Amino acid sequence: MSHHLPQDTAPLEPPPADTVIAPDHPDYDTARRLWNADIDRRPALIVRCASPQDVSSALSRAQTHNWEVAVRGGAHSTSGASSIDGGLVIDLSTLRGVSVDPVARRVRAGGGALLSDVDAACQEHGLAVPAGIVSHTGVGGLTLGGGMGWLTRREGLTIDNLLSAEVVLANGDIVHASKDEHPDLFWALRGGGGNFGVVTEFEFVLHEVGPMVDFGLFFWPLDQGSRMLRWAREIIPTLPRDLNVVLAGLNAPPAPFVPEQYHFQPGYALLLTGFGPTGQHAGVAQRIRTAVPPLFDMVSPMPYTALQQLLDEANAWGMFNYEKATYLPELTDEAIDTITHYVPRKNNPLSVTLIYRLDGAYSDVGEGDTAFGGRRTPRYSVFIIAVAPEPEQLPAERTWVRDFWDALQPAAQGAGAYVNTMAEYDDARLRATYGAAKLARLAGIKAEYDPGNVFRHNVNITPA
Ligand SMILES: Cc1cc2nc3c(=O)[nH]c(=O)nc-3n(C[C@H](O)[C@H](O)[C@H](O)COP(=O)(O)OP(=O)(O)OC[C@H]3O[C@@H](n4cnc5c(N)ncnc54)[C@H](O)[C@@H]3O)c2cc1C
């Protein structure tokens, strides 16, 4: 591999004043903020990159100053992987351009685009990329770790729909990765996180979605959790792929569709989205009401873009967060007992447990086809999320997350966890998540593309 790092001695175009933000810049405190308010890091420099060449120059500058590097997409990693004390942040937040080719059904999105940018542009043509369920999340981090959401059962993970990527490598080279160019790199990008380079552009295949879709939220009080989860585990695997389910342990939001007497009531919810005929969604909604009558429900058609934004406010920037996740191959009785023991024991009304179902198109993809961290057999991904408005409330909630997670591990059977949620990890967890063979292959590709481990502020794959 050649080494084309532009050197600081070379005459670089001086960047516009506000693209390089040092600690004395008036925007420094805004620019260094991350989604998770609990992460308070002070980079030596934040560089807003508008092109792959900018990224290349920023890498060179970091090397010259011996600064460590962090790459910032949508800034949503709960662990704060996108910032670094005393290092250089490659900030992609201005790389948000999206261009849709409705005939070829492809979309190109900048490495710093948010899901909302992609949704808005694609929905103009009735098209969508499967991604996550909160629209202010970054496409960059979400994609590189996998990407799961409302369309996972129908169209697979976000990475299953990635066609190519423009990547700035650790040595400053700008390359294109696809199944025909740098195929090893392309494989590694699909699940290996930000370990292999800075992606300045993603290209995805598009699917017909909406513009109107069906949504249903069903809510039960705490004492119905066990019954609801037992029913849900029977019904979910039998649903057509056009229907998607997320289960939740949460407090009812103070939303207009929630009867006022239930605002903030703790309980369980089933979120049912429908991308097929409305009758199909309505039929399942009716089955839910008959089988385990909810306290209240809300069933409504809505634009796909509104579905994507439905949970945005509940997941706003500025809260103090901590999160752990685990896969469950099955919702066993033991798992349900653990869930229903811990959900009522959270301390803060905003903390939430989410259980995504992964099957259908997710399971059509071969284990070795992508670098995704997680087996492709049908499973659940459980997210235990502490959300506190005040920092002093976080320690107790963090303990709740950890105790809950520990208690779920027997039911998880060593299945690992979604890498996009990992704050703490060790070799054993990475091995459980990727499997030994995939992890070894990733380490080999890392040794080829980033032998010096420049990109290490992530769920790090150490070079072989
Ligand atoms: C409110 C909320 C909702 C979420 N919902 C979902 C969901 O429904 N489904 C789901 O799958 N995940 C979900 N996630 C998890 C999400 O996938 C991760 O937080 C992901 O890291 C977010 O990516 P980002 O670009 O916003 O984050 P960042 O913190 O900017 O980046 C995360 C990691 O990716 C790297 N990175 C980011 N962009 C690039 C790039 N262009 N090139 C190279 N490396 C890059 C960073 O260096 C860092 O290591 C959610 C997270 C939050 C906070």
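Whatever order the structure lists ligands and atoms in, that order sets their numbers, starting from 1. This structure is a prediction, so every number in the text was calculated from the model and none was measured.
For the pair R190 and F186, the cation-pi test (distance below 6.0 Å, angle within 45°) is passed. For R375 and Y327, the positive end is not near the middle of the six-membered ring at less than 6.0 Å and at most 45° from its axis. At least one test fails for R61 against the ring of W67: distance under 6.0 Å to the centre or angle within 45° of the axis.
The nearest protein atom to atom 9 (N) of ligand 1, hydrogens excluded, is given as M148 O, 2.6 Å; this is a heavy-atom distance. Ranking protein heavy atoms by distance to atom 33 (C) of ligand 1, first place goes to G141 CA, 4.2 Å. Summary of contacts: the protein heavy atom closest to atom 35 (C) of ligand 1 is V71 O, 4.2 Å. Looking at atom 27 (O) of ligand 1, its nearest protein heavy atom turns out to be H76 N, 3.2 Å. Closest protein heavy atom to atom 17 (O) of ligand 1: N420 ND2, 2.9 Å.
Not one N or O of A131 is nearer than 3.5 Å to an N or O of ligand 1, by distance alone. At a 3.5 angstrom cut-off on N or O pairs, I133 counts as close to ligand 1. Taking distance alone, with nitrogen or oxygen atoms compared against 3.5 Å, G74 approaches ligand 1 more closely than that limit. For G194, no nitrogen or oxygen atom sits less than 3.5 Å from a nitrogen or oxygen atom of ligand 1, counting backbone and side chain alike. Ligand 1 has no N or O atom lying under 3.5 Å from any N or O atom of W35, backbone or side chain. Considering backbone and side-chain N/O of L142, one or more are found under 3.5 Å from N/O of ligand 1. In terms of N/O distances under 3.5 Å, ligand 1 is approached by V199. Taking any N or O of T78, backbone or side chain, none lies under 3.5 Å from an N or O belonging to ligand 1. Taking only nitrogen or oxygen atoms, main chain and side chain alike, G132 does not reach within less than 3.5 Å of ligand 1. Considering backbone and side-chain atoms alike, Y356 places an N or O below 3.5 Å from some N or O of ligand 1.
Atom numbering of ligand 1 starts at 1 in the shown order; those under 4.0 Å from a heavy atom of N458 are 49 (O). Of all atoms in ligand 1, listed by their number and element, those nearer than 4.0 Å to a heavy atom of Y418 are 10 (C), 11 (O), 12 (N). Every atom of ligand 1 is numbered from 1 in the order shown, and the set under 4.0 Å from a heavy atom of G111 is 41 (N). Near A81, meaning under 4.0 Å from one of its heavy atoms, ligand 1 places the atoms 48 (C), 49 (O). The R72 neighbourhood of ligand 1 comprises atoms 30 (O), with distances under 4.0 Å to a heavy atom of that residue. Heavy-atom contacts of H457 reach the following atoms of ligand 1: 49 (O) (cutoff under 4.0 Å). Close approach to V198 involves these atoms of ligand 1, each under 4.0 Å from a residue heavy atom: 42 (N), 43 (C). Each of the following atoms of ligand 1 lies closer than 4.0 Å to a heavy atom of S82: 28 (P), 29 (O), 30 (O).
At a heavy-atom cutoff of 4.0 Å, ligand 1 is contacted by the side chain of L144 but not by its backbone. Residue F455 does not touch ligand 1, judged by heavy-atom distances below 4.0 Å. Only side-chain heavy atoms of L92 come within less than 4.0 Å of ligand 1; its backbone N, CA, C and O stay farther off. With a 4.0 Å heavy-atom cut-off, ligand 1 is reached by the side chain of V134 but not by its N, CA, C or O.
Note that CG of L270 is 12.5 Å distant from CZ of F219, once rounded to the nearest 0.5 Å.
Between K346 and E397, none of the side-chain N atoms (NZ, or NE/NH1/NH2) sits under 4.0 Å from a carboxylate O, so this pair counts as no salt bridge. For the pair E68 and R456, the salt-bridge criterion is met [side-chain N within less than 4.0 Å of a carboxylate O]. We find that R429 and D427 are not joined by a salt bridge, their nearest charged nitrogen and carboxylate oxygen being 4.0 Å or further apart. Using a 4.0 Å cut-off between a side-chain N of Lys or Arg and a carboxylate O of Asp or Glu, R108 and E166 do not qualify as a salt bridge.
Ring centroid separation for the pair F383 and Y356 comes in under the 6.0 Å cut-off.
Taking the six-membered ring for Trp and thresholds of 30 and 60 degrees, H76 and H136 have ring planes inclined between 30 and 60 degrees apart. Note: W150 and F215 have perpendicular aromatic rings, judged against thresholds of 30 and 60 degrees for the angle between ring planes.
Other residues, nucleotides and ligands contribute only 12 or fewer heavy atoms inside 6.0 Å of the CD atom of E313. Annotation for E208: atom CD does not count as buried by contact number, only 12 or fewer foreign heavy atoms lying within 6.0 Å. Atom CG of N66 has 12 or fewer heavy atoms from other residues, nucleotides or ligands within 6.0 Å. Remark: E181 CD is packed, more than 12 non-hydrogen atoms of other residues, nucleotides or ligands lying under 6.0 Å away.
Under the side chain to side chain contact (heavy atoms under 4.5 Å, CB included) rule, L92 has a single partner from L95, T94, V89, which is L95.
Ranked by closest heavy atom to atom 50 (C) of ligand 1, the top entry among I385, T137, V419 is T137.
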